[in-house]
Amino acid sequence: MAVILDGKTCSKEILEDIKKRVAKMPQKPSIAVILAGEDPASKIYVKNKEKTALELGFTSKVYRLEENVSAEELKNLILNLNRDKDTHAILLQLPLPKHLKSRDFIELIDPGKDVDGFHPINCGKLLTNSNPYAVSCTPKGVIRLLKKYNIEIQGRHAVVIGRSNMVGKPLSVLLLNENATVTMAHSKTKNLSEIAREADILISATGICGLVKKDFVKDGAVVVDVGITRDFEGKIKGDVDFEEVSKTASFITPVPGGVGPMTIAMLMENTLELCLNNAEF
Ligand code: NAD
């Protein structure tokens with residue numbers, strides 16, 4: 001049976017450490033979260049992020065905007081937060097309402113306050129392996145979890161299923177920066193199961209429940225499940241058939257309790273780091 005990559009415990013340790021560091025800081029890290037519209041999942045995510053930030057002693061302010069907020073209003077809010085010296089981190093919760101194009105607004109965020117690492121400057125810095133202000137939280141959390149369990153990345157074949165700007169692409173680049181040999185797979189990939197079976201480290205980030213079955217996984221592979229979907233009972237499920245795959249993998253993340261808690265821990269760590277970059281202590 002595979003060893004469980006316990007993101008819950010790992011994230012708890014990271015958060016406790018952040019809390020101790022913040023207690024000693026004269027100026028507390030502050031995060032501004034922009035939530036536009038009524039997306040139910042986004043509302044839950046924002047609530048959890050705010051709760052965690054406050055527990056750590058951060059200052060957190062949520063800007064709730066109407067579903068029909070104008071592009072001008074959102075733009076002005078971001079520019080004001082960029083100028084506000086008491087705001088260290090800005091998080092634009094996605095997806096935005098349909099009439100707004102997320103890229104247009106991500107690009108307005110000051111790269112030094114871009115806590116999600118989505119700004120093109122931060123993506124470019126990641127690609128050139130040259131110290132982004134922040135690295136996208138979920139991919140960063142995956143790497144941290146692998147390292148926590150001393151899983152060797154260098155020289156190993158990592159297959160990432162999913163090529164989104166939020167998860168698949170930055171994760172592939174992080175793995176490459178750690179000297180893995182990386183294959184990126186996606187919805188148009190042919191022979192997906194054959195390619196996946198070549199992986200020493202297989203990471204799935206598609207949101208397709210049960211996509212990764214036993215025949216996708218080489219014996220002894222490390223399997224990381226980023227996917228989050230809800231079944232008809234509202235239960236959270238991942239991309240991986242955990243019951244079957246955990247019999248032959250060497251390590252595996254559960255869903256929930258794997259990558260999800262690591263994402264929030266990395267968001268808090270990024271906020272702290274952006275604050276320290278700006279601090280005039
Ligand atoms: P997305 O919809 O932007 O991208 C999905 C990717 O999966 C695409 O690149 C697509 O090509 C690929 N894909 C879709 N169907 C496929 C198939 N049949 N075979 C191979 N590839 C396929 O989603 P995203 O934002 O990258 O998120 C992916 C999943 O990860 C979602 O379930 C999301 O909820 C979850 N997620 C989890 C966390 C976390 O903290 N655990 C954070 C972010 C996203």
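Count residues from 1 along the sequence. First listed ligand is number 1; within each ligand, the first listed atom is number 1.
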Side chain to side chain contact (heavy atoms under 4.5 Å, CB included) evaluation trace for Leu5 with Ile151: CA-CA 10 Å; Leu5 296 168; Ile151 291 167; 3.8 Å; yes
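- Under 4.0 Å is where a charged nitrogen must lie from a carboxylate oxygen, and between Asp200 and Lys218 at least one such pair does.
- Residues Val245 and Val226 do not share a hydrophobic cluster, defined by chaining ILVMFWY side chains whose heavy atoms lie under 4.5 Å apart.
- Judged purely by atom type and a 3.5 angstrom limit, Asn122 uses its side chain to pair as donor or acceptor with the backbone of Tyr133.
- Side-chain contact annotation: Ser30 with Asp86, donor-acceptor N/O pair under 3.5 Å absent.
- Near ligand 1, heavy-atom contacts under 4.0 Å come from Thr138, Ile161, Gly162, Arg163, Ser164, Val167, His186, Ser187, Leu192, Ala205, Thr206, Gly207, Ile208, Leu211, Val226, Gly227, Ile228, Val259, Gly260, Thr263.
- At a threshold of 4.0 Å, the pair Glu55-Lys49 does not count as salt-bridged, since none of the basic side-chain nitrogens sits closer than that to a carboxylate oxygen.
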